[in-house]
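For reference, the structure discussed in these notes is given below.
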Amino acid sequence: MTVIPFHPGRDRPQADAALEAHIAQLALGARLVLEDLHLRLRPGCWTAIVGPNGAGKSTLLRALAGLQACEGEVRLQGRLLAQWPARERARALAWLGQNEAPTGELRAGDVVMLGRAPHRAWLAPASAADHAAVRQAMEATGCWAWRERRLSALSGGERQRVLLARALAVQAVVLLMDEPLAHLDPPHQADWVELVRALRTQGTAVASVLHELSIALQADELIVLAGGRLLHQGAPGEAATQRALQQAFNHRLDILNLRGRWIALPRGVLPDEGRADGSAQENPR
């Protein structure tokens with residue numbers, strides 16, 4: 001949907017931004033969901049979008065993808081989304097939505113090949129480059145062995161890995177993912193993190209809505225939302241970021257440093273003596 005430009009020239013786009021948004025407000029019906037947000041996604045940077053239920057995380061991601069109209073502007077590589085030809089934009093920006101449900105009669109390989117549609121003329125057969133991109137994406141997500149199986153025969157976690165491969169097959173400069181860890185078991189969640197880290201080294205800007213806060217804290221930057229507003233955007237280890245995270249969750253988190261990595265647990269889950277054993281230390285507010 002078209003994003004309505006607002007305050008043209010007031011905030012000049014940043015040269016180093018893969019995707020930049022200034023959203024004055026976004027309403028769904030009579031309900032105001034987002035208000036006064038200004039954020040940037042940098043090339044080669046993984047940004048995790050976090051916040052409590054109802055904070056507007058998924059709505060924000062849909063606005064960044066151009067799937068939800070808002071009062072404001074979203075720029076992809078410095079250019080308004082509305083100014084991009086549809087096919088060109090689909091090559092530059094890939095999307096993995098929440099609870100997507102392509103027909104179960106499609107084979108897994110055919111679903112992933114859908115990610116190559118922006119690279120081909122209408123009704124043109126898949127090229128060698130398309131087949132190579134599909135194989136690479138499916139091998140990266142561990143689903144190449146199922147390429148001939150129909151989606152209806154796969155488990156929820158297996159389907160999620162196929163849908164992730166479809167997004168990867170686009171080979172876009174910006175990849176937006178809404179709850180990509182849904183249905184994935186812990187080992188495959190770890191695989192996803194390694195995959196995202198590899199995308200960073202290739203210069204891809206990755207943004208993911210995550211409920212798994214300990215995984216989100218491994219990102220390069222956090223966008224912390226609460227009540228439809230941006231509380232903070234910054235590195236997970238910054239005191240201001242962790243204060244915003246505590247504020248968003250009503251100070252009901254223990255944010256710990258465990259062997260050099262930040263993790264977050266619901267307050268009360270970890271016994272007091274567990275926070276004082278030297279291996280994990282609560283970050284002071």
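- E139 places no side-chain N or O within donor-acceptor distance of the main-chain N or O of A145, the cut-off being under 3.5 Å.
- Between L245 and L217, some side-chain heavy-atom pair lies under the 4.5 Å cut-off.
- Here the side chain of R267 pairs a donor or acceptor atom with the backbone of H251 at under 3.5 angstrom.
- With contacts defined as side-chain heavy-atom distances shorter than 4.5 Å, the pair L181/H211 does not qualify.
- Distance alone, capped at 3.5 Å, places no donor-acceptor pair between the R166 side chain and the G115 backbone.
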One pair to check against side-chain contact (heavy atoms from CB on, under 4.5 Å): V112 and V162. What are the steps and the verdict? CA-CA 7 Å; V112 179; V162 169; 3.9 Å; yes
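- In this structure, R147 and M138 have side chains that are in contact, with non-hydrogen atoms separated by less than 4.5 Å.
- Closest approach of G109 to V134, counting heavy atoms only: O-CG1, 4.2 Å.
- Taken to the nearest 0.5 Å, the OG atom of S127 stands 9.5 Å off from the NE2 atom of H119.
- Note that the CZ atom of R79 and the CD atom of E88 stand 4.5 Å from one another [nearest 0.5 Å].
- Once rounded to the nearest 0.5 Å, the distance linking CD1 of I263 with CG of L213 reads 11.0 Å.
- The aromatic rings of W192 and W46 sit perpendicular, their planes meeting at an angle over 60°, well past the 30° parallel limit.
- Between M177 and the choices L164, I49, L163, the side-chain contact (heavy atoms from CB on, under 4.5 Å) rule is met once, by L164.
- In this structure the side chain of L225 reaches within 4.5 angstrom of the side chain of L230, judged on heavy atoms.
- Crowding of R261 atom CZ: a count of heavy atoms from other residues, nucleotides or ligands under 6.0 Å not exceeding 12.
- In this structure, D178 does not pair ionically with R62, as no charged nitrogen and carboxylate oxygen lie closer than 4.0 Å.
- For A65 against L81, the heavy-atom pair with the smallest separation is C-CD1, 4.1 Å.
- A distance-only check finds a donor-acceptor pair linking the side chain of K57 to the backbone of P52 [under 3.5 Å].
- Applying the 6.0 Å contact sphere to CZ of R42 captures no more than 12 heavy atoms from other residues, nucleotides or ligands.
- Between atom CG of residue L195 and atom CG of residue L175 there is a gap of 8.5 Å, rounded to the nearest 0.5 Å.
- Considering all non-hydrogen atoms of both residues, L93 and A172 come closest at N-CB, 3.7 Å.
- The shortest distance between side-chain heavy atoms of Q171 and R116 falls below 4.5 Å.
- M113 is listed as a side-chain neighbour of R120, based on a closest heavy-atom distance under 4.5 Å.
- Between the side chain of T47 and the backbone N or O of E221, no donor-acceptor pair lies under 3.5 Å.
- Proximity of L154 to R161: side-chain heavy atoms (C-beta onward) are nowhere separated by under 4.5 Å.
- To the nearest 0.5 angstrom, E20 atom CD is 6.5 Å from R40 atom CZ.
- The other residues sharing a hydrophobic cluster with W122 are L123, where clustering joins ILVMFWY side chains under 4.5 Å apart.
- Proximity of a side-chain donor or acceptor of E194 to a complementary backbone N or O of A190 within less than 3.5 Å is not detected.
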Report the C-alpha separation of L176 and L41 in whole Å, then their side-chain angles, then the decisive distance to 0.1 Å, and conclude whether the side-chain contact (heavy atoms from CB on, under 4.5 Å) test is met. CA-CA 10 Å; L176 306 179; L41 305 181; 4.0 Å; yes
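- Side-chain contact between S152 and E105 is present, with heavy atoms from C-beta onward closer than 4.5 Å.
- Rounding to the nearest 0.5 Å places CG of L61 at 10.5 Å from CD of E179.
- Of all non-hydrogen atoms in A137 and L168, the two that sit nearest each other are CB-CB, 3.9 Å.
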Test log, rule side-chain contact (heavy atoms from CB on, under 4.5 Å), inputs V269 and D254: CA-CA 9 Å; V269 169; D254 284 323; over 6 Å; no
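- By the rule that hydrophobic residues join a cluster once side-chain heavy atoms approach within less than 4.5 Å of another member, L32 and L231 end up as members of separate clusters.
- The two residues G228 and L37 have their closest heavy-atom pair at O-CD1, 3.2 Å.
- The closest donor-acceptor contact from the side chain of E73 to the backbone of A21 lies at 3.5 Å or more, if one exists at all.
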Show your reasoning for whether side-chain contact (heavy atoms from CB on, under 4.5 Å) applies to Q247 and H232. CA-CA 10 Å; Q247 178 184 343; H232 186 73; over 6 Å; no
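- For the pair V170 and A90, the tightest heavy-atom approach, listed with the atom from each and the gap, is CG1-O, 3.3 Å.
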